[in-house]
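One structure is given here, and the rest of the page talks about it.
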Amino acid sequence: MTNDISKKVFEKIKNKEVSPKPKWRFVLAHLLVSILLIVFIFVGALAFGLVAELLSQFDALDVLSSGSGRVLLLSLPYFWIILVLIFSVLGVVEFFKTKHGYKYNSRYVTVGFAALVIILGFGFYVIGFAGAAENYLEKNIPVYAGLVKTPSQFWSQPQSGLISGTIVSSGNGTFELQDQNGHSWTVDCGSANWEGQVRNEGGVAVKIIGQQIGNGQFRAEEISPWAGMEMMRGSVGGSGMGPEMMKGTGMMGY
Amino acid sequence: MRIKNQGNQMSEQIRDCDNKTDEELVLLTVENPEFYFCLMARYEDKLLRYVGRISSVGKETAEDLVQEIFIKAFENINDFDTKLKFSSWIYRIARNHVVSYWRKNKGEAQVFSWDDDDKFKNMFGSGEDLEKEIGTRLIVEKVRTIIGSLKPAYQEVMLLRYLEDKSYEDIGDILKKPVGTVGTLLSEAKKQLREKIKKENIKL
C-alpha cells in the first residue's frame, strides 16, 4: 500500500487548495427541503379541503345519490383536484430528497401522503378553514372566479340541464321560474322528483336538474330546495330564501 | 494503521489511527483536516477496486476518479450523516461520481467490469490439475459473459453484495434504495442468473 492518491489529496488539503464546505450550508439545504415538504403537504391538503368545500356547495353528494353522474362530473372542481394531485406528487418527490427518505418504500410513502393530504384537507374543511380560504380567494383574486365555478354559476347551465331560481307562479304540472339572471322559464314538472320539503308554490327558491326543451322551456327531472345547501352557510334566513334575496347576503356574489 | 513516509508533515497524534473508527476519524477530521489522511489511506485500495469494477476505466483514470472522490468527500465532510457508516457514505459518493463521469464522457449506459477480478474467479474455486483449471477458466468466462448481460441494476447489487461484501443495509445506503428493494433486486438477479446458467447448460 503506497497511498499515492491519499498523499496527493493530503498535499492539496495542506496547501488549502481544498477545504470543507461550511456546515451551515448543509443545514440550510436540509432545512429548505423540510420547509418545502411542509408547504407541499399544506397546499395539497388545503386544495383537498377546497375540493370538499366546493363539492358540498354544489350538493355534489345529493347529485351523486340521485344517480346523475353527468351532473357530478360537471360539478367537480377540476382546478383544485389538479392542484391536489400536483402538490401530492411534489410532496412525495420532496420526501425522497430528505436525508433518510430513500429508506422508505415508495408505494407506502405515496399511500401515506395521500392519506395525510386527505385527513388534513378534510380537517381544514370541517373547521371551516377551507371555506374561509375559498371566500378570500373569491373576494381578492379576480382570476379565481374564472377558474372555479360558483354554486350560482354552476346551477345556471340550462344547456347542461341545470337551472335555479325562484318559482314565480305555479300551475298543474308546470311552474314559472325566474332564474338568477332574470330570465323566465316555463318548467314542466309533471314527472319530476321533488326532493326534501320543497313545494310547488310561489316564492320558493329551487335548483333543478333536467333538460332544456326549448327557448325558455325546461323539463325537470329533479327539483331540490336551493336553501338546503352548504351555500347558505353563514347567511341569515334559511329554507325558502331565494337566489334574488341571497344576493344581499354575499353568498351570491361569487 | 501506522502512517509512514509522511515525515514531519503530520503531527504525532494522528500517526496512529488504528484504534479509531471511521466515524471517529470523520469527527476528528472536522477539527483537524490532517486526520483525513487516515481515512483516505484506509479506503484508497478499496475505492480503486470499486471504481474499477463499476466503471471499466483504465488504472490511471480510476486513480484520477478516486482522487476526485476523496476531494469531494472532504469538501462535503460537514454533511456526513453520523447515522450512516462512513464506508457507505464514501461508496455512495464514489458511485455517484462514477455515474456522472460516465454520463459526461461516454453518454451511454454504464459498463461493469467482471474481468480479471480475483475475487470473482475465486467464487468458482481453483482447479487442482491443469484440466480442471482450464475447465474452471472456461466456466468463469461463460458466467462472466452471462452476468455482463444482466440489467445494470442487477449487476450493481450483485457486485456490491458478492465482490464488495456489503450488507443489504449498506447496499441500500450506497444506492439510496430501501433494504426491501435491495433484497428484491438481488433475488431477481440471482433468479435470472440461474435461469441463464441453466439455459447455457453450465455445470458449476
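Every chain is numbered from 1 and lettered A, B, ... according to where its sequence line falls, protein lines coming before strand lines. As the structure is a computational prediction, the values presented were derived from the model and not from experiment. Side chains are part of it too, since the values below use all heavy atoms of this structure and drop only hydrogens, waters and symmetry mates.
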Quick one: is the NZ or CZ of [X] closer than 6.0 Å to the six-membered ring centre of [Y], and within 45° of its axis?
X	Y	value
A:Lys23	A:Phe26	no
B:Lys151	B:Tyr154	yes
B:Lys166	B:Tyr91	yes

- Query: By number, which residues in residues 176-188 of chain B have some heavy atom less than 4.5 Å away from chain A?
  - Reply: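 Under the 4.5 Å heavy-atom cut-off, B:Lys176, B:Lys177, B:Pro178 qualify.
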
- Query: Among residues 66-82 of chain B, which ones touch chain A with a heavy-atom distance under 4.5 Å?
  - Reply: B:Val66, B:Gln67, B:Phe70, B:Ile71, B:Phe74, B:Glu75, B:Asn76, B:Ile77, B:Asn78, B:Asp79, B:Asp81

If you compare all heavy atoms of [X] against all heavy atoms of [Y], which two are closest, and at what distance to 0.1 Å?
X	Y	value
B:Gln155	B:Gly148	NE2-O, 3.1 Å
B:Glu23	B:Phe86	OE2-N, 2.8 Å
B:Tyr43	B:Ser87	OH-CB, 3.0 Å
B:Ala189	B:Leu150	O-CD1, 4.2 Å
A:Ile13	B:Tyr36	CD1-CD2, 3.4 Å

Let me know if [X] has heavy atoms under 4.5 Å from chain A in its side chain, its backbone, both or neither.
X	value
B:Leu48	side chain
B:Asp64	neither
B:Leu39	neither

- Message: Counting heavy-atom pairs under 4.5 Å with chain B, which one of A:Glu17, A:Lys12, A:His100, A:His30 comes out on top?
- Response: A:His100

- Proximity breakdown for A:Lys8 and chain B, heavy-atom pairs closer than 4.5 Å: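 Contact with chain B: side chain only.
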
Spell out, as yes or no, whether a donor-acceptor pair under 3.5 Å connects the side chain of [X] to the backbone of [Y].
X	Y	value
B:Ser100	B:Asn96	yes
B:Arg95	B:Leu175	no
B:Glu24	B:Thr21	yes
B:Ser88	B:Leu84	no

